[in-house]
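Here the structure is laid out as structure tokens; the discussion comes afterwards.
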Amino acid sequence: MAKEYNFREIDQKWHQKWVANKTYKVVEDESRKKFYVLNMFPYPSGAGLHVGHPLGYIASDIYARYKRLQGYNVLNPMGYDAYGLPAEQYAIKTGQHPEKTTFANIDRYREQLDKIGFSFDWDREVRTCTPNYYKWTQWAFQKMYNSYFDEELQKAQPIEKLIEKFKKEGTWPSDEKEQSELLMQYRLAYLGETMVNWCPALGTVLANDEVVNGVSERGGYPVEQKKMRQWCLRVSAYSQRLLDGLETIQWSESIKETQKNWIGRSEGTEVEIKVADSDVDFTIFTTRADTMFGVTFFVLAPESELVDKVTTPDQRAAVDEYIKYVKGRTERERMIDHTVTGVFSGAYGINPITGDKCPIYVAEYVLAGYGTGAIMAVPAHDSRDYAFAKHFNLPIIPLVEGADVSEESYDAKEGIVMNSPVSPDKSVKYDGESLNLNGKTIKEAIAETKRFVKAHNLGRVKVNYRLRDAIFSRQRYWGEPFPVYYKNGIPQMIPEECLPIELPQVDKFLPTETGEPPLGNAQIWAWDEQNKKIVDKKLIDEKTVFPIELYTMPGFAGSSAYYLRYMDPLNTEALVSEKAASYWQNVDLYVGGSEHATGHLIYSRFWNKFLFDLGVSKKDEPFQKLINQGMIQGWSSFVYRLRNTNKFVSFDLLEEKYDDAKKKNLYYYQGTEADPVYADISMVSGNVLDVEKLRQWTPEFRDGEFILNNNGQYIVSQAIEKMSKSKYNVVNPDDICENYGADTLRLYEMFLGPIEQSKPWDVAGIDGCFRFLKKFWSLYWDKEGNLTVDDSEATADNMKTLHKLIKKVTADIEEFSYNTSISAFMVAVNELSSQKCRSKQVLSVLPVLIAPFAPHIAEELWEALGNSTSVCDAQWPAFDEKYLIESTVKLGVQFNGKVRFAMEFPADATPDQMVQMATSAPDAQKHLEGMQIVKTIAIPGRIVNIVVKPNN
RNA sequence: GCCCAGAUGGUGGAAUUGGUAGACACGAGGGACUUAAAAUCCCUUGACCAUUGCGGUCGUACGGGUUCGAGUCCCGUUCCGGGCACCA
């Protein structure tokens, strides 16, 4: 009997050794180069890990182990994003404290993670909900509060500098309340009266990225717009830096593109518009300054305060009614329904370029939050203005030669401008100059108009960003409390030395009866200013004891700077020490899902840029390279229940009909509609249901009648969906570890396909990886279970196989192309096996090569070969080109990078011979005439490149 | 509507970035060993034609183009996925 590959024993043995020897502990070491690998830390949900979670962890663990073998000092930490809604909702339902369930879930996650053999340094674990951690979240918030963004320096500065400036200018008010309000307009963390996404069902506000298609991302509840006083982060101040930074980092183009869209830079022109017969004026923003001659009306956003100033008495009633209508519409309704609505304000604006009086409308298609909340409408060249003009019968003036605007607007920025002006008297003179754009291209016309507007002080060139400030408060319990108290309604920061302000105990996790957030339930929640401590609410007297903020921070607060904390997780004096931050700098490789593109990945970059301005973070960008791992989806299974019965019909007996109205397939059995019901995938093999298992699963199936097909089987239908507890399609990694071992799981998850691609989990192929490990194992042992490795000289074939493998695996890991490197291993093992290779020269290298992928088996073999140290401390081998020289036939000759003709070469021709033959071939002569050869490149067996240039 | 990424056997996916398409794995079929099963090993496996042998033709969503040579580059079309979306 050959020595068996006993993965259970091996996995357990090495897990224990790694823990005992602290193999993965990492300390700063100035003598070695650092490498920082990081995964997006998980939210510990009650469902535990499924096979999708480890995908990214395995990918980064492979890279971390590889870098370590290359001699880098690798930081590869793990922790938990522990604040979150599910724990809170569970608490509301059961009364259990969220901390209790969260910590229980963390323990379970840890147990599962430990089975997979990660090289995490657990001594650096962080949990965002522990005071020792969130102290620094609160600290950063206070720093933001005490900073403003200096437009000239393009960086954060202490707020004191701004106060000084106001004092110097003489604009510093004496009243404390006015001072506070003035500074609030500049602070990076500020209290703002803003329109927020209010979710009544969740009882909290949500950030823009937490709202998807007008409903909450979590739970899918309706969201409405509401004006509320909220803490905000002035993320928009960093718009340009967030945009510029994208050019310096190695992220996928699609993620960068998404962020660029989200930041939404647009360069345009602001123009001042005077309201006729009034002293009111307003500013419009346009990116199409070239179309000023085509303006036929103006539009204000309904929420704009200008509406009130502009509306004439006779239109007042109509406008008020319209505003009421708009307010009654939810975000969702506004998004889906694009019918044209609006109302005339009664006033007219004067186009400064043409002198024309144009009506001013109020319409919901103009957004208050973007630009100035007012636009000039050019129906000929903007589809929204066009629809509006058609609806209200307003004139349409085409401005581009050849553009047909009888059916739709011409929005393209291409063409030659006309009608600008229609006649010379239609262009107002300023300082003797009037604007004429006729005959120019649109691009030229934009530039010319900008110049004109600026020169005659009619407006200014302006860059606008779509990126909004982040709303930073939530009406929840399970989050970081704000280190803020209120003195006569003016917010005050609790002194830094008193941080952290710990989350108080409450008896109920719901909002209070008076509608206060859950923290309103906390009894010991008032600030004693003199004694600097938290005291009972009853003591509030507004003289020395004041109420503390009841809001908590949102989920992204704790996850924005966690990568810095890993550098120095136990530090009580600073977020991160100068020494640790200087050594680790920033994350070299970040792995996580692309769904965070407009959330965490923006907030984190903002947060880091702020800390960089403070000198705390040492790099302007937190994550140098980003890999987005795809999702592993599950195969959901459905059984079909005939409506209003307890009968379940096999899928292949159903009749399928497409319903146009519902846009999906409906199923019928003998005329009765059948509804799909989830069945747990553990009860299904292939697409055949184990009816008895299902009966025992839940009561709804126990007494069900199952109508089987002709083969006596019940067939389910299947769909690929996101893996989720509620879809009963979750595959758990523990079972795989139990049946195949951690190394097989690691290999298989990587072998499934490119990391960045989403793919359904299919256990079918796992045997291939398991077989490979068994073959790999059996390279080392004979029938009696003795090590077969000897000191024999490796053959040329052995060396070729080995060096081919080293080359391939090294290149593949660098490109995160792990699936192909595993294929290369399979080929190499087959080759060595048929070569009957026993040479230590070759076989002692393989464990090092496989160590990143399959660390347990690597350690076991490394030890068997007589090494006393961990394979983690071995050295990654280099390949030698000399073993890899190929000798095959053919292909072509190429001149100047452009191939001209094909010819064949003998199999064993050397590069020099190939060049010689190519240049002397008859076909070559015509290309070489009058030319001299600059350079030749010959790839044996493939192609000869000859770069030529003319003589002289 | 705008932007991004993609389409290769029965399946997951390779292809040195313009150089033998289908590596590797799964599945399927055949065989060996075995009383039997499991495990293991060997052969076949893109399609079609020829199979006693060599072999031949077609083939990377579709239609064109560039090139000695195209899965890869260019133009057009179709389809699927992702992001943004009254952003002026």
Side-chain angles (χ1 to χ4, degrees), chain A residues 1-2 4 212-213 252-266 268-269 284-289 291 298-299 301 334-341 363-378 381-385 387-388 411 464-468 594-595 597-598 628 630-631 747-748 751-754 756-772 774-775 778 807-808 811-812 817 819-830 833 886 888-894 897-903 923 939 941-943:
Chain A
M1 267 302 285
E4 203 190 334
V212 178
N213 290 328
S252 75
E253 280 311 310
S254 64
I255 270 246
K256 284 194 200 175
E257 202 60 38
T258 304
Q259 290 213 341
K260 280 181 199 166
N261 277 342
W262 193 257
I263 295 166
R265 181 184 205 271
S266 75
T269 315
I284 58 98
F285 174 75
T286 181
T287 54
R288 291 293 301 275
T291 59
F298 295 99
V299 188
R334 255 174 104 158
M335 268 165 105
I336 294 168
D337 173 24
H338 284 188
T339 46
V340 176
T341 67
E364 61 178 333
Y365 84 89
V366 173
L367 305 176
Y370 185 74
T372 58
I375 62 150
M376 62 178 209
V378 186
H381 302 292
D382 183 286
S383 50
R384 296 152 301 176
D385 298 346
F388 196 84
D411 291 14
N464 259 327
Y465 300 91
R466 189 157 51 200
L467 185 68
R468 307 291 163 80
S594 57
E595 67 272 18
T598 56
N628 296 117
M631 235 184 338
L747 282 178
Y748 184 56
F751 189 66
L752 226 40
E756 311 209 61
Q757 216 162 292
S758 288
K759 54 234 152 184
W761 176 260
D762 180 7
V763 83
I766 201 164
D767 284 320
C769 289
F770 187 55
R771 267 176 221 150
F772 159 70
K774 281 196 284 191
K775 277 184 212 165
S778 62
K807 186 179 181 181
K808 179 77 178 150
D812 281 351
S817 177
N819 55 334
T820 53
S821 45
I822 293 167
S823 293
F825 272 112
M826 291 174 172
V827 173
V829 167
N830 276 339
S833 172
E886 293 280 346
T888 44
V889 204
K890 72 181 153 274
L891 247 179
V893 182
Q894 180 173 330
K898 180 104 173 148
V899 181
R900 299 293 172 180
F901 67 96
M903 66 179 287
D923 281 345
I939 303 162
R942 205 158 286 147
I943 198 162

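What you see is a predicted model; the values in this text were computed from it and never measured. Atoms considered below: every heavy atom in the structure, side chains included; atoms not considered: hydrogens, waters and symmetry mates. Letters A, B, ... are given to chains in the order of the sequence lines, protein chains preceding strands, and every chain is numbered from 1.
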>> Would you say A:Asn464 and A:Ser266 are linked by a side-chain donor-acceptor pair, where the criterion is simply a distance under 3.5 Å?
In response: no
>> Measuring from the side chain of A:Pro754 (C-beta onward, heavy atoms only), which nucleotide among B:A85, B:A14, B:C86 has the closest atom?
In response: B:A14
> B:C54 and B:U60: how far apart are their C1' atoms, nearest whole angstrom?
Replying inline: 29 Å
>> Taking only the C1' atom of each, what is the distance from B:U66 to B:G18 in whole angstrom?
In response: 12 Å
> Looking only at side chains, do A:Ser823 and A:Thr820 share a donor and an acceptor under 3.5 Å apart?
Replying inline: no
> Looking only at atom P, what distance separates B:C74 and B:A25, rounded to whole Å?
Replying inline: 34 Å
> A:Val366 near the nucleic acid: base, sugar-phosphate alone, or nothing, with a heavy-atom cut-off under 4.0 Å?
Replying inline: base
> How is A:Ile375 classified with respect to the nucleic acid when contacts are heavy atoms under 4.0 Å: base, sugar-phosphate, or nothing?
Replying inline: base
>> Taking the P atom in each of B:C26 and B:G81, what is the distance between them to the nearest angstrom?
In response: 31 Å
> Stems in RNA chain B: runs of 3 or more consecutive Watson-Crick or G-U pairs, distances under 3.5 Å?
Replying inline: B:1-4 with B:81-84, B:10-12 with B:24-26, B:27-32 with B:40-45, B:46-49 with B:55-58, B:61-65 with B:73-77
> Mind checking whether A:Phe285 and A:Tyr370 have side chains closer than 4.5 Å, heavy atoms only?
Replying inline: yes
>> For a quick check, with a 4.0 angstrom heavy-atom cut-off, what is the B/S/- contact string for nucleotides 21-28 of chain B, read 5' to 3'?
In response: --BBSS--
>> Is B:U45 syn or anti, taking syn as a glycosidic angle within 90° of 0?
In response: anti
> Looking for any heavy atom pair under 4.0 Å, which part of the strands does A:Lys774 touch: base, sugar-phosphate only, or nothing?
Replying inline: sugar-phosphate
>> How would you summarise protein contacts on nucleotides 3-8 of chain B per nucleotide, using B for base, S for sugar-phosphate only and - for none, with heavy-atom distances below 4.0 Å?
In response: SS----
> Does A:Tyr370 put a side-chain nitrogen or oxygen below 4.0 Å from OP1 or OP2 of B:A88?
Replying inline: yes
> Any idea which of B:A39, B:A88, B:C84 is nearest the A:Arg466 side chain?
Replying inline: B:C84
> In terms of base orientation, is B:G9 syn or anti, with the syn window spanning 90° either side of 0?
Replying inline: syn
> If only atom types and distance count, is the side chain of A:Lys759 paired as donor or acceptor with the main-chain N or O of A:Gly630 below 3.5 Å?
Replying inline: no
> Looking for any heavy atom pair under 4.0 Å, which part of the strands does A:Arg265 touch: base, sugar-phosphate only, or nothing?
Replying inline: nothing
